[in-house]
Amino acid sequence: MSSKTPVGILGATGTVGQRFIQLLERHPWFEVVWLAASDRSAGKLYTEACRWRLNTPLPTPIASMKVSPATPEGAPKLIFAALDSHAATELEPKFADAGCAVVSNSSSFRTQADVPLVIPEVNGDHIELLRTQAWYKKNGGFIVTNPNCSAIGLVMALCPLHHRFGVEKVFVATMQAVSGAGYPGVASLDILGNVIPYIAGEEQKMEAESRKLLGKLNGNSIVPADVTVSAHCNRVPVEDGHTESVSIKLARQAQSEEIIAAWNEFRCVAQKLKLPSAPEQPVIYDPAPDRPQPRLDINRGAGMSAVVGRLRPCNLFDWRFTVLSHNTIRGAAGAALLNGELLKAQGYIT
Ligand SMILES: NC(=O)c1ccc[n+]([C@@H]2O[C@H](COP(=O)([O-])OP(=O)(O)OC[C@H]3O[C@@H](n4cnc5c(N)ncnc54)[C@H](OP(=O)(O)O)[C@@H]3O)[C@@H](O)[C@H]2O)c1
């Protein structure tokens with residue numbers, strides 16, 4: 001009998017669901033015992049229901065597991081959720097209501113007042129907000145979310161600067177990978193040799209989520225940070241990895257060495273607690289003039305670090321730089337896994 005915490009994956013067949021399976025394969029604390037997806041997949045063996053798209057083999061014990069219907073009956077208490085957002089809106093509250101800890105990737109509840117939107121390195125203290133949820137008070141169930149895949153890299157780069165110098169204004173233009181759209185995602189004829197200057201709802205998510213993430217927990221609510229963010233989101237023909245060009249205005253003047261030190265020295269609760277999925281260095285500054293690049297830098301920190309480069313003065317604001325993060329690891333499954341580990345370390349999951 002395993003001493004690990006049993007976990008389930010909702011939306012196990014999709015792009016993010018597959019990443020969960022990959023990242024959980026040899027996890028020291030958690031063991032996958034339950035997989036669920038839509039009616040199209042329920043009742044099939046996982047290997048039949050899923051088109052495995054990752055470059056590591058599908059773990060043998062998972063391949064022969066049967067996909068369950070997406071209902072709480074028979075599900076374990078800890079659920080990593082990677083559902084399409086329409087399905088998440090309907091299903092995640094049912095699991096929380098049944099007493100499950102739902103650690104969600106979907107946008108459905110990220111900006112709801114009583115739902116923590118958490119990056120452990122940035123705002124791990126916001127997790128306490130889950131105590132205000134009606135489900136938690138009723139039977140210990142709750143929903144905790146991680147941010148949008150393009151907001152996470154941006155906010156990891158902004159957080160250490162916000163703490164030391166105050167960030168007042170942000171302009172960001174993204175170059176987002178196709179895997180960010182799930183599978184099969186964008187048609188190849190639409191994206192090959194092309195740039196699509198529109199991702200539905202993405203700019204609004206980046207702007208609202210950044211303010212909530214950098215905000216302060218005040219009693220039972222979050223006071224959003226007073227940061228103005230203007231986001232321009234683009235889909236580009238890159239497989240994995242969102243690259244972002246960023247300009248910032250700071251409240252207090254800073255030298256480039258101070259900014260680079262703030263990034264490289266940034267450590268938080270996830271590193272102090274030595275959570276299994278926490279990168280040693282959450283933000284890495286690369287001084288090379290032509291980095292970061294998705295193909296070369298996406299797996300730094302096992303895909304959990306944000307890589308920053310090209311810091312230079314900005315003609316509009318104070319400073320400009322480039323940030324890269326892995327959208328399905330740091331921006332999705334890895335982010336949720338780290339939140340699950342923080343919840344476990346802090347006793348919210350037994
Ligand atoms: N891809 C990324 O980089 C990324 C990053 C951050 C956040 N997210 C968010 O994570 C979530 C999953 O994204 P994804 O890219 O993995 O999408 P995806 O590849 O389209 O997978 C969606 C998953 O949801 C399941 N599903 C759909 N409708 C369902 C229903 N009615 N009931 C139960 N299950 C249902 C699908 O099951 P079937 O296979 O049976 O249809 C599949 O397992 C989305 O909310 C997305 O916005 C994605």
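In this text the structure is predicted, and so the values were computed from the model without any measurement. For the numbers below, each heavy atom of this structure counts, side chains included, while hydrogens, waters and symmetry mates do not. Counting convention: from 1, in listed order, for ligands and their atoms alike.
Closest heavy-atom contact between S325 and I152: OG-CG2, 4.3 Å.
An N or O contact shorter than 3.5 Å is missing between C149 and ligand 1 by distance. Close N/O approach between R110 and ligand 1 is not found [any backbone or side-chain N/O within under 3.5 Å]. For the pair A87 and ligand 1, the shortest N or O to N or O distance does not fall below 3.5 Å.
Note on ring orientation: taking the six-membered ring where Trp is involved, the planes of H27 and W29 are perpendicular (angle over 60°, cut-offs 30° and 60°). Taking the six-membered ring where the residue is Trp, F321 and W263 present perpendicular rings, their angle passing 60° and hence far from 30°.
Counting atoms of ligand 1 from 1 in the listed order, those under 4.0 Å from a heavy atom of S106 are 45 (O). For ligand 1, the atoms sitting less than 4.0 Å from at least one non-hydrogen atom of S41 are 38 (P), 39 (O), 40 (O), numbered in the order shown with element in parentheses. Close contacts of ligand 1 with A332, meaning ligand atoms under 4.0 Å from a residue heavy atom, involve 5 (C), 6 (C). In summary, the atoms of ligand 1 found under 4.0 Å from a heavy atom of A37, numbered by their order in the structure, are 33 (C), 34 (N), 37 (O), 40 (O). Against a heavy-atom cut-off of under 4.0 Å, S85 is close to the following atoms of ligand 1: 45 (O).
With distances taken over non-hydrogen atoms, the option nearest atom 24 (O) of ligand 1 out of L35, T15, D84, D39 is D84.
Side chain of E203 to main chain of C233: a donor-acceptor pair is present (N/O by atom type, distance under 3.5 Å, no hydrogens or angles). Of the possible polar contacts, one joining the Q271 side chain to the P279 backbone as a donor-acceptor pair under 3.5 Å is found. Panel note: side chain R267, backbone E280; a donor-acceptor pair is recorded below 3.5 Å. Between the side chain of D318 and the backbone N or O of L250, at least one donor-acceptor pair lies under 3.5 Å. Within the 3.5 Å criterion, the main-chain N or O of V118 finds no donor-acceptor partner in the side chain of N146.
Taking 4.5 Å as the limit, some side-chain heavy atom of T15 sits within range of a side-chain heavy atom of Y183. With contacts defined as side-chain heavy-atom distances shorter than 4.5 Å, the pair S245/M175 qualifies.
Among L296, I298, I284, the one residue that satisfies the side chain to side chain contact (heavy atoms under 4.5 Å, CB included) test with L324 is I298.
Protein heavy atom at the shortest distance from atom 35 (C) of ligand 1 is S38 CB, 3.6 Å. Closest to atom 48 (C) of ligand 1 among all protein heavy atoms lies V16 CG2, 3.5 Å. Distance from atom 41 (O) of ligand 1 to its nearest protein heavy atom, with residue and atom name: R40 NH2, 2.6 Å. For atom 45 (O) of ligand 1, the closest heavy atom belonging to the protein is L83 O, 2.7 Å. The closest protein non-hydrogen atom to atom 3 (O) of ligand 1 is N327 ND2, 3.1 Å. For atom 39 (O) of ligand 1, the nearest protein heavy atom (residue, atom name, distance) is T13 OG1, 2.5 Å. What sits closest to atom 23 (C) of ligand 1 on the protein, heavy atoms only, is A82 O, 3.5 Å. Looking at atom 17 (O) of ligand 1, its nearest protein heavy atom turns out to be G182 CA, 3.9 Å.
Residue contacts with ligand 1 leave out A88, since none of its heavy atoms falls under 4.0 Å from the ligand. At least one heavy atom of G331 sits closer than 4.0 Å to an atom of ligand 1. Heavy-atom separations between L91 and ligand 1 include at least one value shorter than 4.0 Å.
Within a 4.0 Å radius of atom 15 (O) of ligand 1, the protein contributes one or more non-hydrogen atoms. Inside a 4.0 Å radius of atom 11 (C) of ligand 1 there is at least one protein heavy atom.
Ion pairing between R164 and E258 fails under the 4.0 Å rule for side-chain N and carboxylate O. The pair R235-D190 fails the salt-bridge criterion, with no side-chain N (NZ, NE, NH1 or NH2) lying under 4.0 Å from an Asp/Glu carboxylate O. By the 4.0 Å N-to-carboxylate-O rule, K216 lies too far from D125 to be salt-bridged with it.
Contacts between S179 and ligand 1 below 4.0 angstrom, taking non-hydrogen atoms only, involve the backbone exclusively.
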